[in-house]
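In what follows, a single structure is set out as structure tokens and then discussed.
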Amino acid sequence: MKNIHTITRRRLVQAITLAVAISGGSAMAQAWPSKPIRLIVPFPPGGTTDVLARTLGDKLSQSLGQAVVVESRPGAGATLGADYVAKSRPDGYTLLIGAIHHTIATSVYKNLPYDFQKDFAPITTIALVPNVLVVNASTPARNVAELVALAKAQPGKLTYGSNGNGTAQHLIGTEFQNLTGTTLVHVPYKGSGPMDIDLLGGQITLAFDTVTPVLPFIRSGKMRALAVTTGKRSSALPDVPTLDEAGLKGFDIGTWFGVLAPAATPKDIVARLNVEMVKVIRSPEFRKRMGELGAEPIGNSADQMALQIKADTEKFAKLVKDAQVTIQ
């Protein structure tokens with residue numbers, strides 16, 4: 001009889017302990033966020049990724065009631081920052097500002113320490129930003145045809161910058177050379193900030209940067225925009241033709257930016273982040289700011305972003321193979 005009572009009490013204690021644990025776990029989930037959230041930008045400050053992260057973070061901190069801190073971790077074509085987040089604690093406090101570059105890097109880097117589709121939980125796509133072919137104002141070429149003629153007259157002399165090996169700018173530059181029959185020297189940087197400084201200083205000839213960081217220089221006349229790389233003209237540069245219009249038929253590559261968490265992040269936290277971020281992205285104030293930056297706000301579901309990543313990874317795997325993109 002004593003043993004029966006002992007077993008009964010033991011089971012009761014176990015049941016109470018389990019209930020408390022479940023209740024406590026639920027309370028912890030409901031309490032999120034209880035400390036600052038970090039947005040990891042895999043590029044140096046000053047580029048499109050950094051600007052979008054800060055614009056989103058400012059509004060997100062208001063809706064979540066916690067500080068949202070933007071932290072730069074550049075290097076290796078944005079893969080160092082991605083690897084850091086992939087290996088971070090999946091608690092919703094460390095997030096990655098990912099980009100189309102990461103779907104390209106999957107094919108360019110053969111030994112990535114993470115799997116972009118398996119090691120991350122997509123949250124939402126912030127915006128699509130067109131890339132633009134820009135040259136230093138002192139460069140004699142005033143349109144794409146003149147630039148191509150200049151490059152052919154000096155094979156291997158003109159240089160183009162990118163945000164790093166395996167990024168959209170790198171692939172755009174490679175495709176540009178293949179379609180025009182030119183030979184340019186690729187100069188990879190850790191991000192738009194240092195690249196644009198060198199373009200302004202004449203250390204490189206041209207770049208295929210996103211519209212956002214170069215827009216002020218284009219408007220001030222320090223840089224000249226020759227074409228945008230997307231299929232449609234940019235609303236921020238309506239008078240600048242597309243590469244397709246300039247003769248490179250079918251050219252259509254832009255750069256999207258989105259937010260991802262480590263793969264094992266609780267689904268309820270991912271869902272909460274999606275709701276709060278989409279609310280910010282679709283707000284009139286945020287959309288107005290995106291228009292000023294030359295960006296097209298998106299704010300889709302986590303599943304839609306996952307499908308986008310899958311499709312782009314497959315698309316760029318073929319382009320990388322066909323264009324024979326390699327890491328120098």
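Thr230 approaches Pro130 most closely through the heavy-atom pair OG1-CB, 3.7 Å. When all heavy atoms of Thr49 and Pro42 are compared, the closest pair comes out as CG2-CD, 4.3 Å. The two residues Thr125 and Ile281 come nearest to each other via the heavy atoms O-CD1, 3.9 Å. The two residues Arg287 and Pro297 come nearest to each other via the heavy atoms NH1-CG, 3.8 Å. Shown here for Val135 and Leu206, the closest heavy-atom pair between the two residues is CG1-CB, 3.8 Å. Across all non-hydrogen atoms, the minimal contact from Val129 to Thr212 is CG1-OG1, 3.7 Å.
The closest donor-acceptor contact from the side chain of Asp244 to the backbone of Gly250 lies under 3.5 Å. Remark: side-chain polar atoms of Thr79 are paired, donor with acceptor, to backbone N or O of Ala76 under 3.5 angstrom. A donor-acceptor contact shorter than 3.5 Å links the side chain of Ser72 to the backbone of Phe43. In this structure a side-chain-to-backbone donor-acceptor pair under 3.5 Å is missing from Arg272 to Leu64. A donor-acceptor pair is defined here as one N or O able to donate and one able to accept, closer than 3.5 Å; such a pair exists between the side chain of Thr159 and the backbone of Thr205. In this structure, the side chain of Arg224 engages the main chain of Ala137 through a donor-acceptor pair within 3.5 Å. Listed for the Thr182 side chain is no donor-acceptor partner under 3.5 Å among the backbone atoms of Val148.
Side-chain heavy atoms closer than 4.5 Å link hydrophobic residues (I, L, V, M, F, W, Y) into clusters, and following such links, possibly through other members, connects Leu128 to Leu260. The cluster map of Ile, Leu, Val, Met, Phe, Trp and Tyr, joined by side-chain heavy atoms under 4.5 Å apart, puts Met305 and Val278 in different clusters.
In this structure, CG in Asp91 is found 7.0 Å from CD1 in Ile269, a value given to the nearest 0.5 Å. Here the straight-line distance linking atom CZ of Phe217 with atom CG of Asp196 works out to 6.0 Å at 0.5 Å rounding. Of the inter-residue distances, the one linking Leu171 atom CG with Leu319 atom CG reads 5.5 Å to the nearest 0.5 angstrom. Note that OG1 of Thr242 is 12.0 Å distant from NZ of Lys232, once rounded to the nearest 0.5 Å. Rounding to the nearest 0.5 Å places CD1 of Ile37 at 14.0 Å from CD of Glu71. From Ile298, atom CD1 reaches atom CZ of Arg282 across 10.5 Å, with rounding to the nearest 0.5 Å.
Side-chain contact annotation: Asn136 with Ser138, donor-acceptor N/O pair under 3.5 Å present. Donor-acceptor pairing under 3.5 Å is lacking for the side chains of Ser88 and Thr94. A donor atom on one side chain and an acceptor atom on the other are found under 3.5 Å apart for Ser192 and Asn163.
Between Lys288 and Glu285, none of the side-chain N atoms (NZ, or NE/NH1/NH2) sits under 4.0 Å from a carboxylate O, so this pair counts as no salt bridge. With respect to Asp50 and Arg54, a salt bridge is recorded, a charged nitrogen being found less than 4.0 Å from a carboxylate O.
The shortest side-chain heavy-atom distance between Val240 and Ile218 does not fall under the 4.5 Å cut-off.
Of the options Leu56, Asn274, Ile40, a side-chain contact (heavy atoms from CB on, under 4.5 Å) to Val259 is made by Leu56 and by none of the others. Looking at His170, His101, His186 one by one, the single match for side chain to side chain donor-acceptor pair (under 3.5 Å) with Ser162 turns out to be His186. If you run side-chain contact (heavy atoms from CB on, under 4.5 Å) between Asn131 and each of Ile100, Val214, Ile172, only Ile172 comes through.
Under the 30°/60° scheme for interplanar angles, the aromatic rings of Phe116 and Tyr114 are found to stand perpendicular.
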Practice task
Could you give me the CA-CA distance, side-chain angles and deciding distance for Lys310 and Glu314, then say whether salt bridge (charged side-chain N to carboxylate O under 4.0 Å, His left out) is met?
Solution key: CA-CA 6 Å; Lys310 183 177 185 296; Glu314 294 172 353; 2.8 Å; yes
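For the pair Lys35 and Tyr93, the cation-pi criterion (under 6.0 Å, within 45° of the ring axis) is fulfilled.
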